[in-house]
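In what follows, a structure is listed as structure tokens, so that the remarks can point back to it.
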There are 2 protein chains.
Amino acid sequence: MARNAGVKDVAAAAGVSLGTVSNVLNRPDRVSAATRERVEQAMRELGFVRNESARQLRAGRSRTLAYVMLDATNPFFTDVARGIEEAAEAQDMSVFLCNSDSRAERESTYLERLEQQRVQGILVTPVDPAHPSLGEVAERGTPVVVVDRVGPGAEHCSVAVDDVLGGRLAVEHLLDTGHERIAFVGGPDSIGQVRDRLAGARAATEAAGRSPDDLVVVTTEALTVAEGRRAGERIMGLARASRPTAAFCANDLLALGLLQQCVSLGARVPRDLAIVGYDDIDFAAAAAVPLTSVRQPRRDLGRTAAELLIDEAGNPDHRHQQVLFTPELVARASTRRPS
Amino acid sequence: MARNAGVKDVAAAAGVSLGTVSNVLNRPDRVSAATRERVEQAMRELGFVRNESARQLRAGRSRTLAYVMLDATNPFFTDVARGIEEAAEAQDMSVFLCNSDSRAERESTYLERLEQQRVQGILVTPVDPAHPSLGEVAERGTPVVVVDRVGPGAEHCSVAVDDVLGGRLAVEHLLDTGHERIAFVGGPDSIGQVRDRLAGARAATEAAGRSPDDLVVVTTEALTVAEGRRAGERIMGLARASRPTAAFCANDLLALGLLQQCVSLGARVPRDLAIVGYDDIDFAAAAAVPLTSVRQPRRDLGRTAAELLIDEAGNPDHRHQQVLFTPELVARASTRRPS
DNA sequence: CCTCCGGTTTGAAAGGTTTCAACGAGGTTT
DNA sequence: AAACCTCGTTGAAACCTTTCAAACCGGAGG
């Protein structure tokens with residue numbers, strides 16, 4: 001089997017011209033069955049692999065999308081990716097997943113390579129949605145859809161979930177359950193989601209007629225399980241009298257870490273500390289004290305984003321949209337009122 | 001900003017020739033600082049984006065690898081992917097992640113597209129390592145490295161972990177802790193890992209002088225949290241006298257589901273049922289009853305695989321290797337001997 | 001016998017980049 | 001003053017496919 005057979009070689013082997021081979025590949029119906037069979041035979045024998053670069057160079061199109069995600073190890077984003085894949089598969093497109101790992105320079109390397117690759121379009125959950133590079137990519141002609149964040153202007157489509165509302169739901173639920181001293185666990189502040197969820201939490205606190213200071217803010221350095229554990233140490237280290245009786249975590253990873261640490265320090269959840277997470281990843285329900293969490297429609301988020309992207313890539317009179325989904329509180333044992 | 005400026009346009013705008021523009025891109029040191037600046041300026045003004053297809057067509061190389069993974073939502077695989085990214089980043093290469101979602105047809109679509117794209121090489125955790133298509137891809141010239149499975153022959157490199165040993169470690173640990181009736185939870189049988197881990201479990205059972213039938217096999221339909229819960233129901237449904245006192249799960253997702261279900265049915269872990277998982281994903285340690293698990297060197301698995309792939313792609317006298325890592329048991333509360 | 005027609009096949013051009021041998025202009029050596 | 005370098009730059013060829021107008025062919029209709 002020759003290493004690098006091209007259409008030319010296939011044509012020679014099958015005794016037809018270049019154009020015919022190309023027709024077999026692209027418009028098989030225009031080729032008589034006999035020739036087609038002969039050409040296909042030759043392809044198999046030579047181990048022919050169509051050169052996508054040459055094809056794309058000439059034909060212009062490409063059948064791949066890409067999703068540049070913030071953290072491939074966070075189940076929230078892999079679920080979003082699943083939604084994207086569903087929508088892409090329905091249109092017979094492939095999805096390349098790229099992991100920026102929350103590092104701006106990795107993100108821009110991927111954006112650059114994808115742009116050069118002339119993918120149909122790029123879905124991205126950006127490290128910083130306000131950074132101009134996103135707009136520039138779009139400006140240069142590659143459709144961009146922002147997922148789970150909202151950019152500053154309306155320069156591209158975006159799909160997000162109302163995080164302020166989510167924060168409000170979480171804290172309202174805790175207030176309803178009778179908690180008065182509530183901690184907000186999350187950070188760093190540079191992450192838009194964290195700011196919005198905190199804003200929602202504050203809004204709920206005030207709406208209940210309480211001072212905004214009744215919300216104790218515990219700042220973390222990242223939204224990870226390990227940081228959740230550290231937050232747990234800090235909270236459990238507080239004197240019982242001033243210790244919050246409930247914690248609202250900016251995501252489920254934090255909440256799981258917090259839960260684990262508190263339990264291992266001997267606290268009972270929810271009796272000593274009620275916990276609300278955010279995202280409702282599958283592991284939240286699977287925690288041994290099943291976690292109350294704010295559910296985001298992860299699959300739908302991804303699916304809608306991909307659909308918008310595909311529309312933008314194909315539809316000449318596409319108009320940018322900012323879709324905002326509504327989160328929903330899922331109450332479980334971690335906030336059950338102690339009876 | 002023009003949509004589709006090429007080197008030609010840049011050259012015209014900067015008042016230099018094609019070749020010079022290309023030199024600015026590829027060998028900047030050969031171009032005088034003044035011209036370079038002028039060319040770069042023109043690129044910015046025109047919004048020039050290098051066309052990777054044309055480049056690759058002419059230059060032949062590509063700076064991307066791909067990892068086709070079985071399940072992007074299983075943290076085990078995303079951790080492997082992280083290892084791959086580390087190794088790739090060190091060589092200034094990018095990684096595209098593709099999710100086959102355990103479906104053979106999706107896997108082969110991705111393999112085909114990647115091959116056509118002429119990626120440097122493909123890492124894959126295949127649905128079926130014995131399927132000939134993998135060998136064919138390699139045969140046609142794209143290096144392939146199998147991750148976390150071992151192919152039938154030595155037609156490509158592979159990196160895996162000794163699953164038989166892992167199974168043995170798990171069951172030996174349970175026997176040491178005094179358990180006699182042990183369940184193996186896992187399936188379907190078509191998955192190589194499941195078979196190997198079960199074989200290890202049986203070997204340990206026999207080595208302890210017990211009948212292989214002392215191992216109760218609870219077959220699941222997939223390695224997911226939901227299936228783990230179902231297994232929990234079944235196990236807890238058994239009469240106390242015949243119920244196993246310990247369960248060894250083929251992966252951590254199953255173990256977490258099992259743990260959750262048992263706890264919610266009122267069983268105490270480990271007193272009523274000890275549980276051992278497999279993979280030692282981060283969520284295992286974070287479970288409220290921290291899970292004993294068989295740790296696989298996930299990052300190293302990925303890193304080593306990527307290094308082998310890069311070697312194969314670049315080194316003319318590369319020789320295929322099958323690397324086998326050794327798993328390690330991490331004991332935690334879920335198997336602590338009740339005192 | 002000629003024309004026309006439909007279905008097939010052909011051959012050449014085009015697409016944007018990289019590469020490389022060759023060129024020109026200064027400067028250095030003999 | 002001639003021969004020789006060096007450094008920057010040039011222009012054309014090559015990469016492999018797709019596309020499309022044109023050629024081909026055998027048969028039907030006039």
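Letters A, B, ... mirror the listed sequences (proteins, then strands); counts begin at 1.
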With sugar-phosphate meaning primed atoms plus P, OP1 and OP2, does [X] contact a base, only sugar-phosphate, or nothing at under 4.0 Å between heavy atoms?
X      : result
A:R118 : nothing
A:G6   : sugar-phosphate
B:V21  : nothing
B:N26  : sugar-phosphate

Could you state the atom-to-atom distance from [atom1] of [X] to [atom2] of [N] in whole Å?
X     : N      : atom1 : atom2 : value
A:L57 : C:dG15 : CG    : P     : 9 Å
B:R50 : C:dT17 : CZ    : P     : 9 Å
A:Q56 : C:dT17 : CD    : P     : 13 Å
A:K8  : C:dA12 : NZ    : P     : 13 Å
B:N51 : C:dG16 : CG    : P     : 7 Å
A:R27 : C:dT10 : CZ    : P     : 15 Å

Which pair of heavy atoms, one from [X] and one from [Y], lies closest together, and at what distance?
X      : Y      : answer
B:A72  : B:M69  : CB-CE, 3.7 Å
A:Q296 : A:D163 : OE1-OD1, 4.2 Å
B:L308 : B:H318 : O-CE1, 3.8 Å

*Under the criterion side-chain contact (heavy atoms from CB on, under 4.5 Å), which of B:D79, B:T78, B:V80 is the partner of B:F76?*
B:V80
*Answer yes if the side chains of A:S62 and A:Q120 hold a donor-acceptor pair under 3.5 Å, and no otherwise.*
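No donor-acceptor contact under 3.5 Å links the two side chains.
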_Is it true that A:Q193 and A:D148 share a donor-acceptor pair across their side chains at a distance under 3.5 Å?_
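Indeed, the side chains of A:D148 and A:Q193 share at least one donor-acceptor pair under 3.5 Å.
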_Boundaries of the DNA chain D segment in contact with chain A, non-hydrogen, under 4.0 Å_ =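 Endpoints of the contacted stretch of DNA chain D: D:dC16 to D:dT19.
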*In Å, rounded to the nearest 0.5 Å, how long is the span from CZ of B:F96 to CG of A:L114?*
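Result: 5.0 Å between the selected atoms.
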*Nearest nucleotide by nearest heavy atom, which residue falls closer to the 5' end of DNA chain D, B:T35 or A:A59?*
B:T35
*asked:* If you assign A:F48 and B:S32 each to the DNA chain D nucleotide with the nearest heavy atom, which residue ends up on the more 5' nucleotide?
replied: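 Checking each residue's closest nucleotide, the 5'-ward one belongs to B:S32.
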_Under-4.0 Å side-chain N/O to phosphate OP1/OP2 contact, A:T20 with C:dT10_ =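 True: A:T20 side-chain N/O within range (under 4.0 Å) of C:dT10 OP1/OP2.
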*asked:* Base of C:dT17, side chain of B:R55 - is there a donor-acceptor contact under 3.5 Å?
replied: no
